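Side chains included, hydrogens not; waters and symmetry mates left out as well; all remaining heavy atoms used. Not measured: the values here are computed from a predicted model. Within every chain, numbering begins at 1; the chains are lettered A, B, ... in the order of the sequence lines, protein sequences first and strands thereafter.
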Number of protein chains: 2
Amino acid sequence: MSAGETRQQIVNVANRLFYERGFEATSFADIAKDVGLSRGNFYYHFRTKDEILDAVIAQRVTDTGAMLESWETDGPSPAELIRRFIHILIANQSKIMAHGCPVGTLCNELAKLDHAAQTDAAGLFVLFRRWLARQFVALGRAADADALALHILMRSQGVATLATAFRDEDFIQREVADMEAWLFTQSPAASSLDHNQPA
Amino acid sequence: MSAGETRQQIVNVANRLFYERGFEATSFADIAKDVGLSRGNFYYHFRTKDEILDAVIAQRVTDTGAMLESWETDGPSPAELIRRFIHILIANQSKIMAHGCPVGTLCNELAKLDHAAQTDAAGLFVLFRRWLARQFVALGRAADADALALHILMRSQGVATLATAFRDEDFIQREVADMEAWLFTQSPAASSLDHNQPA
DNA sequence: GACGAATTAGGACAATTGTCCTATGGCCAA
DNA sequence: TTGGCCATAGGACAATTGTCCTAATTCGTC
């Protein structure tokens, strides 16, 4: 197998394990076993564990960017695009209940470790933040687009954390519906309506 | 020193380190050094690391319960009590930006480790959930008190996670203000008002 | 088929992990 | 003062960690 392919396999497996078990709790041996390589051989592809982390984050940046871009290809409305973002919570429901949000939990862990890659991991949030802000601008909310983007991001993080703690599908459904109702009130034309009761 | 005092010191230090660095990343040696004891001696007080974790969670349950109870002693209104909860985000701002929410991050880590103490840690959320629900009942929202409690809890978790990732004090202030505005609309008398724009 | 480079296996290495044992010191009761 | 229990220090233990080296294998090219 070519070095590039092996490297890609390592990144894919590490990406999954970092999400499912956390960065610190995942060892070289764990990754090696799942890839089917010997542990010592890793040094050929990655000199340190931090290099793997960097590669995993870079991979996620690429994947996330591609996903967000692909959503826009068939030209849905900004509100519909934001709805798609919100619905990640339902699409990935079972994974989120088991391991939380991949971005939020990684940022939290790296913050506690005071890890150098903290900023890179937060860059994943920036990707969503900017994309969401763009949609709110298109929605006619240029003045507070970034604040609205952060608000939606904040809500999905809160839902993810409580979903992991309580494993309550109804809670997720309810909060997603509430986010959609909130979104509806944010289009200027509908701003006089009141759709904000969570329940 | 009596065994009880030493044990209490260990729990206090472990509590702090589990929060600042995480459970897995904190070793017996780390705790021993901060308490000023020899590592081997831990076995006398705690047979396993999991036993320390249990003690730390039990301590947090006691402390949290006492805090919530003390808030109610001088008889503030339910809305004022909920406001106090929301303002934890500001009171603990710098710690949250550095290490996240103590409850949320612990639950997330234990979920990834598939740890037996997961449910006990989530019990800390239950404490807040029930206390908040009581306030909403007193506010005249008995029908959806639990959902409203989860909603507030969800928001504070989301704010904590993004606060850690972005270290943005303005964001925290803004979202706290928005939570207060939301709270105002939740008292039945004020339910026709619209205070929901986050910004 | 043979050569040289690319890729791998296997293991060495010191450090650290959680766990556990034993010998020692100190304090309180008789 | 003595005897016994409580608390501690110090270290042993096997296992695992991230890192690194070297010898072997595989592969494409001539």
Test: A:R155 and A:D178 ion pair at under 4.0 Å: yes
Minimum-distance nucleotide (side-chain atoms of B:S2 versus D:dA7, C:dT17, C:dT19): D:dA7
Among D:dA7, C:dT8, C:dT19, the one nearest A:T6 by side-chain distance: C:dT8
Proximity to the side chain of B:Y44 - top-ranked nucleotide from D:dT17, C:dA9, D:dC6: D:dC6
Length of the CD-P vector between A:E5 and D:dT26, whole Å: 17 Å
Side chain of A:N41 (C-beta onward), nearest among D:dG10, D:dT19, C:dA9: C:dA9
Salt-bridge contact A:K112-B:E20 (side-chain N to carboxylate O under 4.0 Å): no
Base of D:dG10 paired with side chain of B:R39 (donor-acceptor, under 3.5 Å): no
Residue closer to the 5' end of DNA chain D, A:R47 versus A:D30 (nearest nucleotide): A:D30
Pair B:F166 and B:F171, ring centroids less than 6.0 Å apart: no
Separation of atom CG in A:L37 from atom P in D:dA24, rounded to whole Å: 20 Å
Spacing between A:F23 atom CZ and D:dT17 atom C1', to the nearest angstrom: 12 Å
Rounded distance in Å - CZ (A:F28) to P (C:dA9): 15 Å
Length of the line joining A:I31:CD1 and D:dG18:C1', which is rounded to integer Å: 11 Å
Minimum-distance nucleotide to A:K49 side chain [options: C:dA9, C:dC20, D:dG18]: D:dG18
Short N-O contact, A:R134 and A:E72, less than 4.0 angstrom: yes
Charged N-O contact under 4.0 Å between B:R141 and B:D144: yes
Length of the CD1-P vector between B:I10 and D:dA7, whole Å: 12 Å
Length of the line joining B:I52:CD1 and C:dT19:C1', which is rounded to integer Å: 12 Å
Rounded distance in Å - OH (A:Y43) to P (C:dT8): 16 Å
Among C:dT17, C:dA9, D:dA9, the one nearest B:S27 by side-chain distance: C:dT17
Among D:dT8, C:dT17, C:dT19, the one nearest B:A29 by side-chain distance: C:dT17
